[in-house]
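To keep things clear, I will list the structure first and then write my remarks on it.
Atoms considered below: every heavy atom in the structure, side chains included; atoms not considered: hydrogens, waters and symmetry mates.
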Amino acid sequence: MRIAMVRNNQQIRSLKAPRERLPGGSRRWIRASMDWLVAEFGRDVPYRPIAVPADLIPVAYDGSHAAATELCGRVDGRMDLRPGQCGLSFELDCVRRPGGGTVKEQSGRWMRGTEQNLIQLAPALPADPVALIAIYAHEVGHELLLGSGRITPAARPDHESLTDLLTVFYGLGIFTANAAYERRPRPNGRGKQPLARGYLREAALSEALAYYAMLRGERHPEWERHLDAPVRRGMRNQLAVLHR
């Protein structure tokens with residue numbers, strides 16, 4: 001039993017750690033990458049009001065594709081994406097990759113097109129508006145970084161992590177962080193299994209949100225109450241380090 005508990009704890013830590021290696025370590029990478037985003041997109045962006053769930057998710061949100069499309073439009077506005085710049089569909093085949101009790105799935109994809117680039121989302125995603133915002137914002141990030149030619153995968157092999165960081169930079173980090181890890185009921189109904197999303201995951205997102213708050217001059221940001229408890233604790237710890 002003790003060995004199983006140790007393995008479970010190690011598994012959870014690995015699911016909350018960055019999915020890929022961040023050059024120079026997470027703290028140095030976050031600082032350098034966030035400063036690069038400031039230079040590319042403007043110093044005013046991180047000073048905009050941060051998005052909290054009540055700002056984006058309507059009280060009457062019903063999980064329909066029409067409501068989800070409207071919600072994605074609100075994300076477009078937050079991230080300076082032009083109306084109609086990307087096509088949107090909810091026809092992505094959701095590939096579930098169970099392994100070691102863990103579920104990994106692809107719920108979003110950005111693709112180049114001939115007349116316009118396309119964002120595909122899994123058809124079940126509208127049922128979870130927090131995850132929908134997080135995943136859609138990540139795909140919009142691909143449009144802003146790859147679609148614009150600002151970076152190439154060859155020049156930035158860390159581009160997936162950079163795309164997650166871009167959602168924090170644009171004030172959508174609460175959604176990215178809260179959707180990064182959850183426990184879902186198993187298909188057989190026996191207990192729950194962990195689901196990990198994204199690339200920075202909870203650990204690095206705590207650091208990213210702390211640096212974002214520092215850029216904004218916030219020592220005790222009011223919006224931290226909207227974060228899941230593990231991310232909120234991690235961000236507080238990192239803010240304390242940054243302000244020493």
Review point. Are Leu56 and Phe175 side-chain neighbours, meaning at least one heavy-atom pair lies under 4.5 Å?
Key: yes
Review point. For Leu118, which fellow cluster members are found when Ile, Leu, Val, Met, Phe, Trp and Tyr are connected by side-chain heavy-atom distances below 4.5 angstrom, either directly or through intermediates?
Key: Met111
Point to revise | side-chain hydrogen bond (donor to acceptor under 3.5 Å, both in side chains) partners of residues 66-77, not counting sequence neighbours, each pair once | key: Asp76-Tyr136
Check your understanding: Just wondering, are more than 12 heavy atoms of other shown residues or ligands nearer than 6.0 Å to CZ in Arg28?
Key -> no
Check your understanding: Is there side-chain contact between Asp35 and Tyr211, with heavy atoms separated by less than 4.5 Å?
Key -> yes
Check your understanding: If every non-hydrogen atom of Ala177 is compared with every non-hydrogen atom of Leu209, which pair is closest and at what distance?
Key -> CB-CD1, 4.1 Å
Exercise for review: Taking all heavy atoms of Leu205 and all of Ala180, pick out the closest pair and write down the distance.
Suggested key: CD1-CB, 4.1 Å
**Study point:** Test item: Asp55 side-chain N/O and Ala51 main-chain N/O as donor-acceptor pair under 3.5 Å
**Key:** no
Review point. Pairs in or reaching into residues 59-79: which pass ring pair (Phe, Tyr, Trp, His ring centres under 6.0 Å), with residues at least two apart or in two chains?
Key: His65-Phe90
Study note, to complete from the structure: In this structure, NE2 of His138 is separated from OG of Ser107 (nearest 0.5 Å) by 11.5 Å
Exercise for review: Report the C-alpha distance between Leu22 and Ser161 in whole Å, list the side-chain angles of each, state the deciding distance to 0.1 Å, and finish with yes or no for side chain to side chain contact (heavy atoms under 4.5 Å, CB included).
Suggested key: CA-CA 8 Å; Leu22 301 176; Ser161 294; 3.6 Å; yes
Point to revise | Asp62: side chain to side chain contact (heavy atoms under 4.5 Å, CB included) partners, not counting sequence neighbours | key: Ser64, Ala67
Review point. Taking all non-hydrogen atoms of both residues, which atom of Leu132 and which atom of Cys72 are closest, and how far apart?
Key: CD1-SG, 4.1 Å
Show me the donor-acceptor pairs within less than 3.5 Å that the side chains of residues 119-126 make with the rest of the protein, sequence neighbours left out.
residue : atom : partner : partner atom : Å
Gln120  : OE1  : Arg109  : NE           : 3.3
Gln120  : OE1  : Arg109  : NH2          : 2.6

Point to revise | Contacts of Arg219 that satisfy side chain to side chain contact (heavy atoms under 4.5 Å, CB included) - sequence neighbours left out | key: Leu239, Ala240, His243
Practice item. Go through the structure and list residues passing ring pair (Phe, Tyr, Trp, His ring centres under 6.0 Å) with Phe169, not counting sequence neighbours. Key: none
Check your understanding: Of all residues at least two apart in sequence or in a different chain, which pass the side chain to side chain contact (heavy atoms under 4.5 Å, CB included) check with Arg216?
Key -> Ile50, Tyr212, Glu218, Trp223
Practice item. Measure across Pro46 and Gly42 and return the closest heavy-atom pair with its distance rounded to 0.1 Å. Key: CD-O, 3.8 Å
Check your understanding: Within the side chain of Asp228, is there an N or O that forms a donor-acceptor pair under 3.5 Å with the backbone of Val231?
Key -> no
**Study point:** Minimal non-hydrogen separation, Leu165 against Ser33, with atom names
**Key:** CD2-CB, 3.4 Å
Point to revise | Which residues share a side chain to side chain contact (heavy atoms under 4.5 Å, CB included) with Pro153, sequence neighbours left out | key: Leu146, His159
**Study point:** Under 3.5 Å: donor-acceptor pair, side chain of Glu207, backbone of Ala204
**Key:** no
Check your understanding: What pairs meet the salt bridge (Lys or Arg N to Asp or Glu O under 4.0 Å) rule with one or both residues in residues 136-159, with sequence neighbours excluded?
Key -> Glu40-Arg150, Arg156-Asp158
Practice item. Indicate yes or no: at least one non-hydrogen side-chain atom of Ile133 is less than 4.5 angstrom from one of Thr167. Key: no
Study note, to complete from the structure: Rounded to the nearest 0.5 angstrom, the OG1-NE2 distance for Thr163 and His142 is 4.5 Å
Revision key, fill the gap. Heavy-atom closest pair (Ala179 atom, Ala131 atom, distance to 0.1 Å) is CB-CA, 3.9 Å
Check your understanding: Could you give the distance from CZ (Arg21) to OG (Ser26), rounded to the nearest 0.5 Å?
Key -> 12.0 Å
**Study point:** Selection residues 21-42 - residue pairs positive for ring pair (Phe, Tyr, Trp, His ring centres under 6.0 Å), sequence neighbours left out
**Key:** Phe41-Tyr170
Point to revise | Minimum side-chain heavy-atom gap Leu172-Met79 below 4.5 Å | key: yes
Review point. Can you pull the side-chain hydrogen bond (donor to acceptor under 3.5 Å, both in side chains) pairs that have at least one residue in residues 231-241, sequence neighbours excluded?
Key: Arg27-Gln238, Glu224-Arg236
Check your understanding: Is Asp164 reaching over with its side chain to a backbone N or O of Leu200, donor-acceptor style, under 3.5 angstrom?
Key -> yes
